[in-house]
Visitor: 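Structure incoming, see below.
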Amino acid sequence: MDIFVALNANVFVKEIQQEVRQGSMLLPDSLDKDFIYGEVISVADNYFDHGVLVPSCVQVGDIIAFPKVASTKVNFNNTQMLRVMQSDIVAKQVLK
């Protein structure tokens, strides 16, 4: 079975429904309808941005929020996921 790993500034995400939150997403409730929440399933350790090596802001397992318009649906090996660029991620869940 092939394994796909995110490269560059790409992040692969499994969409989740955020009914009950454990922790804080640091987003106003009024914005919830415009955002997708997802669990990071693949991300590069770092990426180049204008010739500078930038460490990733998220890691596998993180719960993140990003605008609905910022994602692309992809299907690898019959696994549905979303692709989002790291620069489009607006928040990640922080457990208290």
Side-chain angles (χ1 to χ4, degrees):
M1 179 167 131
D2 295 332
I3 297 174
F4 289 88
V5 178
L7 299 175
N8 301 315
N10 291 295
V11 179
F12 292 117
V13 178
K14 180 176 84 172
E15 185 175 357
I16 60 172
Q17 300 300 318
Q18 281 286 100
E19 293 178 9
V20 177
R21 293 192 186 98
Q22 297 176 349
S24 173
M25 288 298 293
L26 304 175
L27 279 178
D29 290 339
S30 63
L31 295 179
D32 281 350
K33 66 180 184 271
D34 298 328
F35 285 83
I36 294 175
Y37 298 94
E39 179 181 354
V40 175
I41 57 175
S42 181
V43 61
D45 292 334
N46 45 49
Y47 60 97
F48 282 98
D49 184 19
H50 295 91
V52 176
L53 187 63
V54 179
S56 177
C57 61
V58 296
Q59 60 187 3
V60 172
D62 282 348
I63 304 301
I64 60 172
F66 50 92
K68 288 181 180 181
V69 297
S71 65
T72 304
K73 292 181 182 180
V74 294
N75 183 352
F76 292 129
N77 293 333
N78 296 321
T79 301
Q80 296 287 329
M81 62 186 88
L82 300 171
R83 184 200 61 88
V84 64
M85 299 298 288
Q86 290 200 34
S87 60
D88 290 324
I89 297 170
V90 296
K92 72 176 179 178
Q93 187 175 48
V94 177
L95 299 177
K96 293 182 179 182

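Predicted, not measured: the structure shown is a model, and the values here were computed from it. The figures that follow rest on heavy atoms only: side chains count, while hydrogens, waters and symmetry mates do not.
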Visitor: Sorted by first residue and then second, give each salt bridge (charged side-chain N to carboxylate O under 4.0 Å, His left out) pair with at least one member in residues 50-59; sequence neighbours left out.
Guide: none

Visitor: Apply the hydrophobic cluster definition, ILVMFWY joined by side-chain contacts under 4.5 Å directly or through others, and give me every member besides F48.
Guide: L53

Visitor: Could you tell me if the side chain of M85 sits less than 4.5 Å from the side chain of N10, heavy atoms only?
Guide: yes

Visitor: In Å, rounded to the nearest 0.5 Å, how long is the span from CD1 of I36 to NZ of K68?
Guide: 6.5 Å

Visitor: What pairs meet the side chain to side chain donor-acceptor pair (under 3.5 Å) rule with one or both residues in residues 41-56, with sequence neighbours excluded?
Guide: S56-Q86

Visitor: If you compare all heavy atoms of I41 against all heavy atoms of V60, which two are closest, and at what distance to 0.1 Å?
Guide: O-CG2, 3.9 Å

Visitor: With rounding to the nearest 0.5 angstrom, report the NZ to CD1 distance, K14 to I16.
Guide: 8.0 Å

Visitor: Taking only residues two or more places apart in sequence or in another chain, which ones pass side chain to side chain contact (heavy atoms under 4.5 Å, CB included) with A70?
Guide: P67, V84, D88

Visitor: At their closest point, which heavy atom of D62 faces which heavy atom of V58, and how far apart are they?
Guide: OD2-CA, 3.4 Å

Visitor: List, by chain and then residue number, the residues other than L7 in its hydrophobic cluster (Ile/Leu/Val/Met/Phe/Trp/Tyr, side-chain heavy atoms under 4.5 Å); write none if there are no others.
Guide: none

Visitor: How close do A6 and A44 get, counting heavy atoms only, and between which atoms?
Guide: O-CB, 3.5 Å

Visitor: Looking at residues at least two apart in the chain, or sitting in another chain, which of them share a ring-ring contact (aromatic ring centres under 6.0 Å, His included) with F12?
Guide: F76

Visitor: Do F66 and L82 touch side chain to side chain, with heavy atoms closer than 4.5 Å?
Guide: yes

